[in-house]
Each structure stands twice: as C-alpha cells, then as structure tokens.
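Presented below is the structure to which this report refers.
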Amino acid sequence: QVQLVESGGGLVQAGGSLRLSCAASGRTFSSYTIGWFRQAPGKEREFVAAIRWSGGSPYYADSMKGRFTVSRDNAKNTVILQMISLKFEDTAVYYCAVRRGAALTTTPERYDYWGQGTQVTVSS
C-alpha cells in the first residue's frame with residue numbers, strides 16, 4: 001500500500017525558509033510523478049511543483065519559481081521541497097501526492113495517492 005508522509009512544516013517569519021520532506025513507501029516509484037500542492041483555509045487546493053521520480057527538470061507554478069525548489073533522493077524514496085523567501089500568503093497545508101506516469105500534471109484530481117499534509121505558517 002502506498003504511503004506518503006510529509007514533514008518539516010512549522011511557523012516561520014516572512015522572508016524565512018523551510019524544508020519539507022515527503023517520504024514515500026509501498027512500491028517502486030520509478031515510473032511515477034510526485035507533486036506538491038497546498039491548500040489555504042477557504043481556498044482550493046493549489047499546485048506548487050512536480051517532478052518525475054525517474055529524472056528530468058521539475059515544473060513549478062509561476063508564483064513559486066525562484067523561491068521553491070523540488071528535488072528527490074531516490075535512495076531514500078524522499079522528495080524535498082525547499083522554500084525560501086517565504087511570504088504570508090504561502091501559509092497553507094502542504095501536501096505531496098503521486099501519480100503513475102511521466103506527465104507533470106498540475107491537476108490534483110489526476111494524482112492517485114496523497115499524504116496527510118504538513119502545516120506551514122508564515123507570520124508577517
């Protein structure tokens with residue numbers, strides 16, 4: 001059974017940084033894509049970034065480019081989301097998700113498995 005566990009969230013001041021991790025288990029993910037999403041209170045789930053487990057360049061939402069970096073550690077079955085220059089509007093629950101296939105899709109409904117999320121709160 002696929003299991004995704006996010007960690008690394010917390011409270012940070014505006015301008016600060018956080019490093020989120022997504023530990024994946026339950027199968028071989030070489031043919032999967034991993035996505036990061038976030039959801040703020042009262043808002044829809046929003047795409048953040050996606051990366052193929054097999055390699056290649058990640059894809060980012062426009063508002064995250066230059067501030068967020070996604071990478072993977074295949075040996076540890078872990079995907080990292082490094083966030084810098086955080087803003088108050090980055091406050092949300094951050095989720096990782098996986099889907100079979102190579103498409104770096106931004107649509108949450110196309111992802112098959114989700115983690116429980118980790119809260120990121122940015123104080124202004």
Side-chain angles (χ1 to χ4, degrees):
Q1 183 172 345
V2 174
Q3 185 174 19
L4 304 174
V5 179
E6 302 96 335
S7 60
L11 174 64
V12 63
Q13 289 187 335
S17 302
L18 277 176
R19 183 176 183 267
L20 306 184
S21 296
C22 173
S25 62
R27 64 184 56 181
T28 301
F29 293 98
S30 57
S31 61
Y32 281 69
T33 294
I34 303 91
W36 281 97
F37 294 81
R38 68 185 186 184
Q39 189 165 20
K43 295 188 177 181
E44 293 186 350
R45 194 160 294 190
E46 177 185 23
F47 171 77
V48 174
I51 189 170
R52 298 180 186 90
W53 210 281
S54 60
S57 298
Y59 180 73
Y60 299 94
D62 287 343
S63 61
M64 285 64 162
K65 289 179 182 178
R67 298 191 302 122
F68 291 10
T69 302
V70 63
S71 60
R72 66 197 182 281
D73 183 337
N74 289 0
K76 296 182 179 179
N77 262 16
T78 299
V79 176
I80 304 298
L81 182 66
Q82 179 69 48
M83 306 184 294
I84 65 171
S85 303
L86 284 163
K87 306 174 183 179
F88 175 75
E89 50 266 38
D90 292 319
T91 296
V93 177
Y94 283 71
Y95 300 89
C96 65
V98 295
R99 63 178 301 274
R100 190 178 184 91
L104 297 175
T105 182
T106 64
T107 307
E109 292 78 10
R110 297 184 68 181
Y111 285 78
D112 303 311
Y113 301 97
W114 291 80
Q116 83 289 348
T118 186
Q119 176 71 47
V120 171
T121 303
V122 184
S123 61
S124 58

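Across G35 and Y111, no two heavy atoms sit closer than the pair N-CE2, 3.6 Å. Closest of all the heavy-atom pairs between A49 and Y60 is CB-CD2, 3.6 Å. Minimum heavy-atom separation, R52 to S57: NH1-O, 4.1 Å. The two residues R100 and D112 come nearest to each other via the heavy atoms N-OD2, 3.4 Å. Considering all non-hydrogen atoms of both residues, S63 and E46 come closest at OG-OE2, 4.4 Å. Between S30 and S54, the shortest heavy-atom contact is O-CB, 3.4 Å.
Y113 and L104 fall into different hydrophobic clusters, defined by Ile, Leu, Val, Met, Phe, Trp and Tyr side-chain heavy atoms under 4.5 Å apart, directly or through other members. Note on V48: it clusters hydrophobically with V79, by side-chain heavy-atom contacts below 4.5 Å among ILVMFWY residues. Linking ILVMFWY side-chain heavy atoms closer than 4.5 Å, directly or via other members, places I51 and V2 in a single hydrophobic cluster.
For the atom pair CZ (F68) and CG (L86), the distance works out to 5.5 Å, reported to the nearest 0.5 Å. Distance check, rounded to the nearest 0.5 Å: CD1 of I84 to CG of L18 gives 12.0 Å. Taking CD from E89 and NZ from K43, the interatomic distance works out to 8.0 Å, rounded to the nearest 0.5 Å. Here the straight-line distance linking atom CD of Q116 with atom CG of L4 works out to 9.0 Å at 0.5 Å rounding. If you take OG on S85 and CG on D90, they are separated by 9.5 Å, rounding to the nearest 0.5 Å. Interatomic distance, OG1 of T78 versus CZ of R72, reported as 12.5 Å (0.5 Å rounding).
T118 meets the side chain to side chain contact (heavy atoms under 4.5 Å, CB included) test with E6, L20, Y94; sequence neighbours excluded.
The closest donor-acceptor contact from the side chain of T33 to the backbone of G101 lies under 3.5 Å.
For the pairing with S21, the side-chain contact (heavy atoms from CB on, under 4.5 Å) check across L81, I80, V5 returns one residue only, I80. The side-chain contact (heavy atoms from CB on, under 4.5 Å) with R45 is formed by just one residue from the set Q39, R38, E109; it is Q39.
Ion pairing between K65 and D62 holds under the 4.0 Å rule for side-chain N and carboxylate O.
Taking the six-membered ring for Trp and the full ring otherwise, F37 and W114 have centroids separated by under 6.0 Å.
For the pair F47 and T105, the minimum side-chain heavy-atom distance is 4.5 Å or more.
Counting heavy-atom neighbours within 6.0 Å of Y59 OH, excluding the residue itself, gives a total of 12 or less.
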Side chain to side chain contact (heavy atoms under 4.5 Å, CB included) between I34 and F29: does it pass, once the steps are laid out? CA-CA 9 Å; I34 303 91; F29 293 98; 5.7 Å; no
